[in-house]
Amino acid sequence: MKALKIDHIGIAVKDLEKALEFYEALGMKADGTEVVEEQKVKVAFLPTGDSEIELLESTSEDGPIARHIEKKGEGIQHLALRVENIEEAIADLMEKGVRMIDQKPRYGAGGAKIAFVHPKSTNGILLELTER
Ligand code: ZN
């Protein structure tokens with residue numbers, strides 16, 4: 001596998017509309033919001049240069065973003081690297097002994113295919129692989 005670039009940085013927020021006001025004050029503009037039912041989140045992507053910032057608000061009290069905010073507060077929740085072929089990337093990493101949260105890609109915002117790598121294998125960060 002090859003990591004092509006930092007695709008986006010995911011930030012857990014309590015109130016997406018309020019967070020958007022701040023990021024738009026920085027001159028960024030979201031293309032609207034999207035609810036990803038599977039992950040119980042409402043997201044907005046803010047392109048900046050070659051990468052994006054993803055703001056994530058939980059749509060449920062037991063979703064991963066709600067749990068993140070409960071444990072650690074708002075803030076950076078994950079880093080996403082773009083890959084060319086996510087199935088190949090997962091297989092390659094597993095062969096190298098990397099611990100995956102997702103052994104099969106799942107649906108991400110904007111129709112992307114995503115998979116998370118376990119923080120035990122990434123020096124403590126939640127790493128998302130993204131194929132667009
Ligand atoms: Zn993400």
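Both ligands and their constituent atoms are indexed starting at 1 by order of listing.
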Could you check if a side-chain atom of Val13 sits within less than 4.5 angstrom of a side-chain atom of Leu56, using non-hydrogen atoms only? no

The atom name of the N, O or S atom in Glu54 nearest to the Zn ion (ligand 1) is OE1

Minimum-distance atom from the Zn ion (ligand 1) among N, O or S atoms of Glu128: OE1

Cut-off 3.5 Å, side chains only: do His68 and Glu74 have a donor facing an acceptor? no

Holding to side-chain hydrogen bond (donor to acceptor under 3.5 Å, both in side chains), I want the full list of residues that pass it with Glu70, two or more places apart in sequence or in another chain. none

Can you list every salt bridge (Lys or Arg N to Asp or Glu O under 4.0 Å) pair that touches residues 115-130, not counting sequence neighbours? none

Angle subtended at the Zn ion (ligand 1) by His78 NE2 and His8 NE2, to the nearest 10 degrees, is 110°

